[in-house]
Amino acid sequence: MMFTLFPVLFGLAIAFFVLWYGSKTAADKYPVLRITVPDNAESSPEWQRWAQENGYKAQGGGLWQKGTGMLTSATEIRFEGNEMQVRECVNYIFGINRFAINAPSWMGRPVRAVKIKALNALLAQWQIAPVSFG
């Protein structure tokens, strides 16, 4: 029993480290996606409708979040003036790695591609160039 449990635990530890390292590297190289948006974008009807349709919840202070980040990634969108900042957040219990949603990392790329497609639909309403992977 002990001999079969050790390789499984060792494999899980290696997998956990690889996932942590991949998201940490993305966070270091690509910390945030910054998009210039129209004045008062956060209070616009386009944003309010899009946020509701896509599951983003207001957290206060211009921060909107989709998901919890526990065993999956969450997405944060923050409005500061005429800027929208978009990050993917991966929670590793002892810390959260935040990186640009369009970082050219393999970390959760298929899931992030779906989120970017939805984001591009919003940007099109504001006549802003679409986002693609860096």
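Predicted model, so just to flag it, every value in this text is computed and none were measured. Along the sequence shown, residues are numbered consecutively beginning with 1.
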For a side-chain hydrogen bond (donor to acceptor under 3.5 Å, both in side chains) check, start with the C-alpha distance between Gln125 and Trp50, then their side-chain angles and the critical distance, and finish with the verdict. CA-CA 10 Å; Gln125 293 180 51; Trp50 184 88; over 6 Å; no
Lys57 vs Gln65, test: side-chain contact (heavy atoms from CB on, under 4.5 Å). Steps then yes/no. CA-CA 5 Å; Lys57 307 286 186 221; Gln65 188 173 26; 5.8 Å; no
If we ignore angles and hydrogens, is there a donor and acceptor under 3.5 Å between the side chains of Thr75 and Lys115?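 There is such a pair between these side chains.
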Could you measure the distance from the [atom1] atom of [X] to the [atom2] atom of [Y]? Nearest 0.5 Å is fine.
{"X": "Asn97", "Y": "Asp28", "atom1": "CG", "atom2": "CG", "result": "8.0 Å"}
{"X": "Asn82", "Y": "Asn40", "atom1": "CG", "atom2": "CG", "result": "8.0 Å"}
{"X": "Trp106", "Y": "Thr25", "atom1": "CH2", "atom2": "OG1", "result": "9.5 Å"}

Side chain to side chain, [X] and [Y], heavy atoms closer than 4.5 Å:
{"X": "Tyr30", "Y": "Ser105", "value": "no"}
{"X": "Leu33", "Y": "Ile35", "value": "yes"}
{"X": "Ile128", "Y": "Pro38", "value": "yes"}
{"X": "Glu46", "Y": "Arg49", "value": "yes"}
{"X": "Tyr56", "Y": "Gln48", "value": "no"}

Tell me whether Ile116 is reachable from Phe99 by hopping between hydrophobic residues (I, L, V, M, F, W, Y) whose side-chain heavy atoms are closer than 4.5 Å. no
Do you reckon Leu122 sits in the same ILVMFWY cluster as Val32, going by side-chain contacts under 4.5 Å, direct or chained?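 They do not share one cluster, since no chain of ILVMFWY contacts under 4.5 Å joins Leu122 to Val32.
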Looking at every non-hydrogen atom in both residues, tell me the closest pair between [X] and [Y] and how far apart they are.
{"X": "Ile101", "Y": "Arg112", "result": "O-NH1, 2.8 Å"}
{"X": "Trp47", "Y": "Ala41", "result": "CB-O, 3.2 Å"}
{"X": "Ala118", "Y": "Asn54", "result": "CB-OD1, 3.6 Å"}

Look at the side chain of Arg78 and the backbone N and O of Met84, then say whether any donor-acceptor pair between them is shorter than 3.5 Å. no
Output yes when Arg98 and Glu76 qualify as a salt bridge under the 4.0 Å nitrogen-oxygen rule, no when they do not. yes
Pi-cation contact, Phe133 with Arg109 (under 6.0 Å, within 45°): yes
